[in-house]
Amino acid sequence: MNLKNKPALQTILIALLFFITLLIWTLWQFHFNYMVSMYDTYFHSQRIYEIRLAFQQHTLPSWVNFNTFFNTGQAINGMYPDFTLWPFVWITNFLTPIHQQIAIKVLIYALTFIVSFLSLNKRFDSRNAVLAASIFALSGSALKDLTNEMQTGTAIVMIFAFPLLFTLKDAVESTKIDPPLIIKTALLMTIVINSHLLSAVTITIIVGIFLIIETILKKNYLAWINLAIAALLTVALCLPIIYRVLRISKTGLLAPFGKGHVISEPIWTLFMTTSWNAKSTISVASIILLVIVLIGIKKEKLCQLMPWFLVELVLIIFSTNLVPWGLLSKLPVLDTFQYANWRFAPFLGMVPLVLILINFDQKKARLIFVAMTALSYGMAIYTAYHDQFYKTANSPIITEYSKTIVPMNNSAKLTSTGINSDMLMRTLIPDYAPNSVPLQKDSDGASLDPQVNYLISHHLAVTPTKDIPLTHTTTANSLTLTAHNVPKGTIKLPVFGYRTLNYQVLINGKKVPFKIDETGFITLTNQDNYKKVDYHITQIQPTLYRPLIWFSFILFGILIIMLSIPKIQNIRQ
């Protein structure tokens, strides 16, 4: 980019405005010393906290969560993709826990802008590209993850939204065996799978639909070969997460809430219940852009625009009850979608920007984008201010000393010591617990049995004669529970046991046998009466796990190097 060139300087100034605004927002958030949290924010903040502690102890994150989720040893980090989170946690680990959480949100947000700009800049005018990236970041899914509900998995996927859009379109339309395209597709889908598994399923569904249409219309089968090879390469790159998920799943896990029943809304809901930072509906910014395109559509550009309109239309349809979700929700994997719009609507913000860039000439597109960018800054600032103060005005500040319980769907202000607080009922969930753990009746799988909740939330061990309070200390891979006045005989600890994982259990430093009882908890036998006793539980990771991580990371690096070699790139030409 030539800095003496006026367009280049304008591009830099637009980008600089974005980063200055983001820096001001970051400093503003840092000074509160808490993070406004709601819904899935608690879930993902505790995942980050678990990874943080592991890295501080110079070890790999555990498959089970001993430091968070009420210290139950729940296999949330093991079952939820986390590899793409590792770099963000590693480079921010010098910060306090809550500042780290905010910094990770900011880094993801900044990368969403940067990657979107770089991807658009390859295909369109640089000033239009940077304006489009600004609008994309200052509205919809990206803005919601920054200022409202933090969902790091889908947020990381959205960093690569435009590369995914363009690369997968090229793959579906490919007419020859294309090694660079295969590698790029595999690398992008690896990032998606290692960030959020259901986003990978969503993308596969959309790509599959257009691949079938393309095959029927053009009788072209080479795209299938490219995508099949990319899929095999993706499997090789994702072996650690595949191995981890399969190993834990063999225990038998509780289904996500609402399994077998995907909720979907009428199409009008998608447009009538929207907001500027919408994530489960189409954003106001996207609606405005679509209206502008439809009003000013150029007939001569219709053939070029039609594929993009179809992509947006399919995403809209799959976000609503126009799709027979009652039937599809009986299929494996799709039965865990819970809400259709959660899966497809986050991707609705890309296509309207591309439609503007294609339909209008550079000057007209720039005028539209300048107006939309100005509006986006105003609405983003308003949204951030509203979410910080008005939406959570009466929310409690949670520290390690807090005694106020935060109900399942209530918001709170988390401090560094309150991230893994026992007051957060949103983290007392059945997700990925052994399927033998009792559930509350008529809760559709959303809540554990009240008696189980009571034992876990109060950290109680169960003996035949009484319930015993426990205190705990933890490391990344182990949990020590301390009890007083414990009688001889069996004792059930409030810690989940997974039959396909390896554990070591010690009583006062001595290794003892244990079992997993019919309700899914670790149970053992006290040989004596104890005035004080320490139960030390360690989850031992399988020896195959580390080699698989090294293999996938090295292969990922090799493929990136190959993609940057000019000879490989020339194969495509």
Side-chain angles (χ1 to χ4, degrees), residues 25 36-41 44 105 108-109 112-113 116 132-159 161-162 165 196 198-199 202-203 206 262-294 311-323 337-356 369 372-388 390-392 409 411:
W25 185 89
V36 172
S37 305
M38 59 195 74
Y39 309 125
D40 279 355
T41 303
H44 295 289
K105 291 203 296 182
I108 292 172
Y109 188 72
T112 301
F113 171 81
S116 298
S134 298
I135 297 165
F136 183 68
L138 291 165
S139 62
S141 175
L143 183 63
K144 188 173 184 70
D145 278 309
L146 181 70
T147 67
N148 195 288
E149 182 182 5
M150 179 179 72
Q151 294 177 319
T152 51
T154 54
I156 293 173
V157 172
M158 297 311 292
I159 293 175
F162 283 101
L165 182 68
H196 192 248
L198 288 182
S199 288
T202 299
I203 291 168
I206 301 301
V262 179
I263 297 172
S264 54
E265 302 288 348
I267 191 168
W268 68 268
T269 305
L270 202 67
F271 292 89
M272 299 302 292
T273 61
T274 188
S275 61
W276 189 263
N277 64 335
K279 187 170 185 175
S280 57
T281 63
I282 187 169
S283 71
V284 173
S286 295
I287 293 173
I288 294 171
L289 291 169
L290 285 173
V291 170
I292 292 172
V293 172
L294 291 173
V311 170
E312 189 76 352
L313 180 61
V314 170
L315 285 169
I316 288 172
I317 289 172
F318 270 82
S319 299
T320 68
N321 61 4
L322 293 176
V323 169
F337 264 35
Q338 298 168 325
Y339 288 85
N341 54 337
W342 286 4
R343 310 307 171 195
F344 295 91
F347 298 99
L348 287 170
M350 302 173 290
V351 173
L353 293 163
V354 176
L355 288 171
I356 294 286
F369 280 164
M372 283 297 298
T373 300
L375 178 62
S376 297
Y377 272 104
M379 291 302 298
I381 291 169
Y382 168 78
T383 300
Y385 188 83
H386 180 268
D387 288 348
Q388 187 68 31
Y390 293 100
K391 199 166 186 176
T392 58
N409 293 318
S411 59

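Worth saying up front: this structure is predicted, and the values here are computed from it rather than measured.
Looking at Thr383 and Asn277, their side chains never bring a donor and an acceptor atom within 3.5 Å of each other. Between Ser286 and Ser283, the side chains place a donor N or O and an acceptor N or O closer than 3.5 Å (distance only, hydrogens not considered).
With hydrogens and angles disregarded, a donor-acceptor distance shorter than 3.5 Å links the side chain of Thr320 to the backbone of Ile317. Between the Glu149 side chain and the Met38 main chain, no donor and acceptor come within less than 3.5 Å of each other. A distance-only check finds no donor-acceptor pair linking the side chain of Thr269 to the backbone of Glu265 [under 3.5 Å]. At least one donor-acceptor pair closer than 3.5 Å links the side chain of Thr154 to the backbone N or O of Gln151. A donor-acceptor pair under 3.5 Å is absent between the side-chain atoms of Trp342 and the main chain of Lys279, judged by distance alone.
Here the closest non-hydrogen pair linking Phe337 and Arg343 is O-NE, 3.0 Å. Trp276 approaches Leu143 most closely through the heavy-atom pair CD1-CD2, 3.8 Å. Between Leu289 and Pro352, the shortest heavy-atom distance links the atoms CB-CB, 3.8 Å. Nearest heavy-atom pair across Ser275 and Thr281 is N-OG1, 4.5 Å. Between Met158 and Ser141, the shortest heavy-atom contact is CG-OG, 3.8 Å. Heavy-atom minimum distance, Thr373 versus Ser134: CG2-CB, 4.1 Å.
Among the candidates Ile206, Leu165, Val157, the single residue satisfying the side chain to side chain contact (heavy atoms under 4.5 Å, CB included) test with Phe347 is Val157. The only member of Val291, Val284, Leu290 that meets side chain to side chain contact (heavy atoms under 4.5 Å, CB included) when paired with Ile288 is Val284.
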Test ring pair (Phe, Tyr, Trp, His ring centres under 6.0 Å) on Phe162 and Phe136 and set out the steps.
-> CA-CA 10 Å; Phe162 283 101; Phe136 183 68; 5.0 Å; yes
Between Ser411 and Tyr39, is a side-chain contact (heavy atoms from CB on, under 4.5 Å) present by the stated rule, with each step listed?
-> CA-CA 7 Å; Ser411 59; Tyr39 309 125; over 6 Å; no
Derivation of the side-chain contact (heavy atoms from CB on, under 4.5 Å) call for Gln388 and Val36 | CA-CA 7 Å; Gln388 187 68 31; Val36 172; 3.7 Å; yes
For Leu270 and Thr274, what are the C-alpha separation, side-chain angles and deciding distance, and is it a side-chain contact (heavy atoms from CB on, under 4.5 Å)?
-> CA-CA 7 Å; Leu270 202 67; Thr274 188; over 6 Å; no
Go through the steps for Ile159 and Tyr109 under the test side-chain contact (heavy atoms from CB on, under 4.5 Å), then give the verdict.
-> CA-CA 8 Å; Ile159 293 175; Tyr109 188 72; over 6 Å; no
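Atom-to-atom distance recorded for Ile287:CD1 and Ile292:CD1 is 12.0 Å, nearest 0.5 angstrom. Atoms OH and OG1, from Tyr382 and Thr147 in turn, are 12.0 Å apart once rounded to the nearest 0.5 Å. One distance of note links OG1 of Thr273 with CD1 of Ile282; it measures 11.5 Å at 0.5 Å rounding. In this structure, CG in Asp145 is found 8.5 Å from OG1 in Thr41, a value given to the nearest 0.5 Å. One finds the CG atom of Asn341 at 8.5 Å from the OG atom of Ser264 (value rounded to the nearest 0.5 Å). Rounding to the nearest 0.5 angstrom, the gap separating the NE2 atom in His386 from the CG atom in Asn148 is 10.0 Å.
The shortest side-chain heavy-atom distance between Glu312 and Ile316 falls under the 4.5 Å cut-off. Looking at Leu138 and Phe113, their side chains never come closer than 4.5 Å, going by heavy atoms from C-beta outward. In this structure, the side chains of Met150 and Asp40 stay at 4.5 Å or more apart for every pair of heavy atoms. Between Tyr339 and Val262 there is no side-chain heavy-atom pair separated by less than 4.5 Å.
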